[in-house]
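Here the structure comes first, spelled out in structure tokens, and everything after it is commentary.
Just so it is clear, the structure is predicted and the values come from calculations on it, not from any experiment.
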Amino acid sequence: MKNKLNLLYVMLATILLLAACGTSNSGNGQTEDKKDDPINDVEQDENDALDERDTEEEIEKEIEVEIEKDTAEDNKEVTNNTENETTVENPSTENEEVPDPTIKEEVEDVKQPETIVLSYNDGENNKSKEAELTDSDEQDYSVYVLPLYKLTSEEPGRDSLYFNDDTGSIFMRIETMVTEDGTYDYALENTLVLLEASSDSEAPKEITDTASLPSGENIKNAKGYIVNTETGPVTGFVFEKQGIVVKLTIFDSPESKHFEAFLRMAETIQGK
């Protein structure tokens, strides 16, 4: 761009110099040849001045055109450089490590408190007592156990939560299974068969009172059935919670003194 402008300025200076020389020579010649015609001299000087001005304007226009062209080229270069810089930056972004969504981060298990307070009715009075977190020896779950109750393992896949008395006839059997297709239906069907067998073929009655069904956080699809026997009512529950199916069978006293205590403890069952 600078070279072109310099060349144009040189051309302009040369033309002006030549024009000046031509005007001088022309004036001298006219003085010598036409001393007696001053009007012609004035007209000639005006024409020369006009020619000189036209020449200067043409050169100035050419210079302006060249400046506009070079300015456009410079702007184009700036735009190209900006695009190139952007293009260079993009690959660095693409090369950054992107977390693999298929890889799950290990999350620390939320530790359960060692004790919680459970409220229940023993058939006569409302009570609130501190229950202790207890792990099953044979199954992958834990449960909060109230005082005067004890969790024991009968066999693999089956525990009993006993009330500590001399008879050993008041307890809740606990069975847990991993939630899979058909597991819940199997547990429910097995519960109905067990209740019917415990009552000498009496048809189990479904529990519709929601207050008498397991409830609470993460508990779903809770169903309950009950039958009466000579030793007291037998209640069966099935529900799902956090990936496991819980199957319960409660053998209570004739006065149903332990039903609510067993129900409150059952609601705390949680898979490990």
Side chain to side chain donor-acceptor pair (under 3.5 Å) contacts in which one or both residues fall within residues 123-138, not counting sequence neighbours: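 Pairs touching residues 123-138 that pass the test: Ser119-Ser128, Asn121-Asn126, Asp122-Lys127, Ser136-Asp159.
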Sequence neighbours excluded, every pair satisfying ring pair (Phe, Tyr, Trp, His ring centres under 6.0 Å) that has a member inside residues 157-201: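 Non-adjacent pairs meeting ring pair (Phe, Tyr, Trp, His ring centres under 6.0 Å): Tyr149-Phe163, Tyr162-Phe171, Phe163-His258, Phe171-Phe251.
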Any pair counted as ring pair (Phe, Tyr, Trp, His ring centres under 6.0 Å), so long as it reaches residues 118-144, sequence neighbours left out: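 For residues 118-144: none.
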Residue that, paired with Leu213, satisfies side-chain contact (heavy atoms from CB on, under 4.5 Å) out of Ile207, Ile219, Thr208: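 Running side-chain contact (heavy atoms from CB on, under 4.5 Å) over Ile207, Ile219, Thr208 with Leu213 returns exactly one hit, Ile207.
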All pairs passing salt bridge (Lys or Arg N to Asp or Glu O under 4.0 Å) where residues 191-214 contributes a residue, at least two apart: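 Checked against salt bridge (Lys or Arg N to Asp or Glu O under 4.0 Å) - neighbours excluded - the pairs reaching residues 191-214 are Glu206-Lys223.
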Pairs meeting criterion salt bridge (Lys or Arg N to Asp or Glu O under 4.0 Å) with involvement of residues 177-195, two or more places apart: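 Listed by first then second residue: nothing to list.
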Heavy atoms of other groups near Glu217 CD, more than 12 under 6.0 Å: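 At most 12 heavy atoms, drawn from other residues, nucleotides or ligands, come within 6.0 Å of this atom.
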Partners meeting side-chain contact (heavy atoms from CB on, under 4.5 Å) with [X] (sequence neighbours left out):
X      : result
Leu192 : Pro204, Tyr225
Thr167 : Asp165, Ser169
Gln242 : Asn218, Gln270
Lys150 : Thr152, Asn164

By salt bridge (charged side-chain N to carboxylate O under 4.0 Å, His left out) - contacts of Lys241 (at least two apart):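 With neighbours one apart ignored, the set is empty.
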Under the salt bridge (charged side-chain N to carboxylate O under 4.0 Å, His left out) test, residues paired with Glu267 that sit two or more places apart: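 Glu267 satisfies salt bridge (charged side-chain N to carboxylate O under 4.0 Å, His left out) with Arg264 only.
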From CG (Leu118) to CG (Leu146), nearest 0.5 Å: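 The CG atom of Leu118 sits 5.0 Å away from the CG atom of Leu146.
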Transitive ILVMFWY side-chain link Leu263 to Val227, under 4.5 Å: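 Unlinked, Leu263 and Val227 end up in two clusters.
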Side chain to side chain donor-acceptor pair (under 3.5 Å) involving Thr229 - partner list, sequence neighbours excluded: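 In terms of side chain to side chain donor-acceptor pair (under 3.5 Å), with neighbours along the sequence ignored, Thr229 is linked to Thr231.
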